[in-house]
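To start, the structure itself, in structure tokens.
The structure presented is a predicted model; accordingly, all values stated were derived computationally and were not measured.
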Amino acid sequence: FLNSCNFMIHEKSSSLIKIQKKKLINNKIFWVSNLNKIKKEPCIFIANEFFDAMPIKQFEKKNNIWFEKFVNFKNSKNPFFFEKRIDIKIIERKIKFKISNNQTFIEYSNLGINYLKNISKIIKKNLGGLLLIDYGYSQKKMKNTLQGVSNHKFANILNDIGNVDITHNLNFDFLRKYTEQVVDLKCNLTTQKKFLLSMGIKQRAEILS
């Protein structure tokens with residue numbers, strides 16, 4: 001397997017790339033800043049807690065009117081959330097998906113679905129697949145999962161900005177529908193338990209014991 005493949009790492013941080021290059025000494029590892037520059041060869045993408053780190057948009061329906069959530073940064077010491085009335089149909093035309101169907105709250109990542117589109121184009125052109133491992137939920141109804149995490153504890157995302165990790169949980173039902181209907185790829189959902197069991201973790205544990 002090692003002899004017949006190359007490893008490509010997509011990393012935005014120049015400081016992390018330096019650390020990775022010191023830790024990962026192998027002439028078959030490459031760093032790519034743009035996924036679209038990947039050559040025409042079969043690709044297996046592995047995204048481990050990648051999509052939950054993407055910036056998100058949030059919308060809420062009140063009295064049949066949709067509002068988008070924003071952050072006011074005029075006073076950097078006291079940022080706060082506020083809302084603007086929007087036309088949800090414009091958003092849906094942009095992403096080519098009726099995301100508001102049967103929803104009163106919407107949460108999704110523009111950057112995340114753009115990555116999904118680009119990855120799907122490469123997979124369809126070159127063959128391959130995507131293994132996406134992430135925190136999330138499978139209910140059809142979307143909910144507010146935006147959260148800050150600091151020292152392995154929940155934190156206020158508007159406090160200590162820049163030093164608190166901001167994350168969200170993926171809605172796997174939306175991702176599955178979007179993947180199948182918009183980017184035209186087959187999508188299979190499973191739990192961590194079922195995935196590890198199918199990969200032989202029980203037999204591996206017996207061997208180790």
### Message
Checking Ile123 against Phe45 for the side-chain contact (heavy atoms from CB on, under 4.5 Å) test, could you report, in this order, the C-alpha distance in whole Å, the side-chain angles of both residues, the deciding distance, and whether it holds?
### Response
CA-CA 9 Å; Ile123 291 171; Phe45 291 88; 4.1 Å; yes
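- Ring centroids of Tyr115 and Phe50 are separated by less than 6.0 Å, placing the two rings close together.
- Within 6.0 Å of the OH atom in Tyr135, the count of heavy atoms belonging to other residues, nucleotides or ligands does not exceed 12.
- Put simply, the side chain of Asn188 does not reach to within 4.5 Å of the side chain of Thr190, judged on heavy atoms.
- How far CZ of Phe172 is from OH of Tyr137: 10.0 Å, rounded to the nearest 0.5 Å.
- Contact of the Asp184 side chain with the Ser120 side chain is not registered, since no non-hydrogen atoms from C-beta on lie closer than 4.5 Å.
- Using a 4.5 Å heavy-atom cutoff, the side chains of Lys89 and Arg93 are in contact.
- Remark: the backbone N or O of Ile99 is paired with a side-chain donor or acceptor of Glu92 at under 3.5 angstrom.
- Note that the OH atom of Tyr178 and the CG atom of Leu185 stand 12.0 Å from one another [nearest 0.5 Å].
- Residues Ile157 and Phe81 meet the side-chain proximity criterion, which asks for heavy atoms closer than 4.5 Å.
- Counting heavy atoms from C-beta on, the side chains of Asn159 and Val164 never come closer than 4.5 Å.
- No side-chain heavy atom of Ile88 sits less than 4.5 Å from a side-chain heavy atom of Lys61.
- Looking only at distances, a side-chain donor or acceptor of Lys124 sits under 3.5 Å from a matching main-chain atom of Val183.
- One distance of note links CD of Glu11 with NZ of Lys21; it measures 11.5 Å at 0.5 Å rounding.
- Counting only distance, with no hydrogens or angles, the side chain of Asp52 and the backbone of Asp134 share no donor-acceptor pair below 3.5 Å.
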### Message
Using the rule given for side-chain contact (heavy atoms from CB on, under 4.5 Å), can you reason through Ser100 versus Ile106, listing the C-alpha separation, both sets of side-chain angles and the distance that settles it, and then say yes or no?
### Response
CA-CA 7 Å; Ser100 66; Ile106 295 170; 4.0 Å; yes
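- Rounding to the nearest 0.5 angstrom, the gap separating the CG atom in Leu116 from the CZ atom in Phe51 is 5.5 Å.
- Shortest non-hydrogen contact noted between Phe105 and Met142 is O-CB, 3.2 Å.
- Val32 is not listed as a side-chain neighbour of Lys37, based on a closest heavy-atom distance of 4.5 Å or more.
- For the pair Asp173 and Arg176, the tightest heavy-atom approach, listed with the atom from each and the gap, is OD1-NH2, 3.1 Å.
- Checked by atom type, the side-chain pair Asn75/Asn78 shows no donor-acceptor distance below 3.5 Å.
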### Steps toward salt bridge (charged side-chain N to carboxylate O under 4.0 Å, His left out) verdict (Glu68, Lys57)
CA-CA 8 Å; Glu68 182 173 358; Lys57 285 182 169 289; 2.9 Å; yes
### Task
In sequence, state the C-alpha distance, the side-chain angles, and the governing distance for Asn126 and Lys39, and then conclude on side-chain contact (heavy atoms from CB on, under 4.5 Å).
CA-CA 9 Å; Asn126 302 339; Lys39 294 178 181 179; over 6 Å; no
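- Contact record, Ile122 with Leu35: CD1-O, 3.3 Å, taken as the closest heavy-atom pair.
- Hydrophobic clustering of Ile, Leu, Val, Met, Phe, Trp and Tyr side chains at less than 4.5 Å, counting indirect connections, unites Val71 with Ile166.
- Ile56 and Tyr108 fall into different hydrophobic clusters, defined by Ile, Leu, Val, Met, Phe, Trp and Tyr side-chain heavy atoms under 4.5 Å apart, directly or through other members.
- Shown here for Ser109 and Gly112, the closest heavy-atom pair between the two residues is OG-N, 2.9 Å.
- Hydrophobic clustering of Ile, Leu, Val, Met, Phe, Trp and Tyr side chains at less than 4.5 Å, counting indirect connections, unites Leu189 with Leu130.
- Taking all atoms of both residues into account, the shortest heavy-atom contact from Lys117 to Lys94 is NZ-O, 4.5 Å.
- Using a 3.5 Å distance cut-off with no hydrogens or angles, the side chains of Glu107 and Asn171 do not pair a donor with an acceptor.
- The CD1 atom of Ile19 sits 7.5 Å away from atom OG of Ser13, with the distance rounded to the nearest 0.5 Å.
- Taking the ring centre of Phe97 as origin, the terminal cationic atom of Lys177 falls outside the region bounded by 6.0 Å and 45° from the ring axis.
- Two different hydrophobic clusters hold Ile9 and Ile46 under the rule that ILVMFWY side chains link at heavy-atom gaps under 4.5 Å.
- For Asn151 (side chain) and Lys153 (main-chain N/O), no donor-acceptor pair under 3.5 Å exists by modelled atom type.
- The two residues Asn3 and Lys28 make their nearest non-hydrogen contact at O-NZ, 3.0 Å.
- For the atom pair NZ (Lys143) and CD (Gln58), the distance works out to 13.5 Å, reported to the nearest 0.5 Å.
- Between the side chain of Asn63 and the main chain of Ile65, no donor-acceptor pair closer than 3.5 Å is present.
- Side-chain contact between Asn110 and Ile95 is present, with at least one heavy-atom pair separated by less than 4.5 Å.
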